[in-house]
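Numbers for residues simply follow the sequence, beginning at 1.
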Amino acid sequence: MSPANGWTVQGLIDGRMEIHAYSHNPQCHHNQPLDLGKLKAKLDRRRRNGGSSDSKLRYAKCSGNRVVLTYTPDTAPPIYRARS
């Protein structure tokens, strides 16, 4: 999700994408949707404080760092979409 590979968090938000994180820890295998607004705020804070925004994701449930992300575009007709 970096500009280097064409994806930005704001671009995903604007595109109404839904992102899920999946743990590949054999004892865990849980998944959860990512809150892109919170992720953007966290990365912005880190960048303002001089930190890198290239940190790795870690799954909160098992503390595993083998995380796979999947994305799904919003396919709902415009009339059914929530207003931003």
Side-chain angles (χ1 to χ4, degrees):
M1 290 189 304
S2 70
N5 64 11
W7 293 93
T8 65
V9 175
Q10 187 61 52
L12 294 170
I13 292 170
D14 292 346
R16 298 180 184 268
M17 295 287 190
E18 194 172 286
I19 309 296
H20 275 78
Y22 292 87
S23 169
H24 274 245
N25 179 338
Q27 286 79 34
C28 185
H29 287 295
H30 286 93
N31 72 78
Q32 69 185 50
L34 292 180
D35 183 331
L36 293 175
K38 285 183 181 178
L39 179 61
K40 183 178 184 303
K42 182 178 182 177
L43 293 174
D44 286 346
R45 274 192 312 275
R46 186 174 291 160
R47 194 173 298 120
R48 278 194 306 269
N49 292 331
S52 170
S53 61
D54 294 338
S55 63
K56 295 184 185 213
L57 292 174
R58 184 169 297 278
Y59 199 77
K61 183 121 179 137
C62 65
S63 297
N65 61 359
R66 293 181 59 204
V67 177
V68 173
L69 300 177
T70 62
Y71 70 94
T72 306
D74 183 359
T75 59
I79 194 167
Y80 294 113
R81 292 182 185 158
R83 295 182 190 253
S84 317

Heavy-atom nearest pair, Leu36 first then Val9, reads O-CG1, 3.6 Å
Let me confirm one number: the CD1-CZ distance from Ile13 to Arg16, rounded to the nearest 0.5 Å.
11.5 Å
Could you pull out all residues at least two apart from Gln32 that satisfy side chain to side chain donor-acceptor pair (under 3.5 Å)?
none
Under the side chain to side chain donor-acceptor pair (under 3.5 Å) rule, what pairs show up with a residue in residues 17-31, not counting sequence neighbours?
none
Run the salt bridge (charged side-chain N to carboxylate O under 4.0 Å, His left out) test against Asp44 and tell me which residues pass, sequence neighbours left out.
Lys40, Arg47
Among residues at least two apart in sequence or on other chains, which ones pass side chain to side chain contact (heavy atoms under 4.5 Å, CB included) with Lys42?
Arg45, Arg46
Applying the 4.5 Å side-chain criterion to the ILVMFWY set and letting contacts propagate, would Val68 and Ile19 be lumped into a single cluster?
no
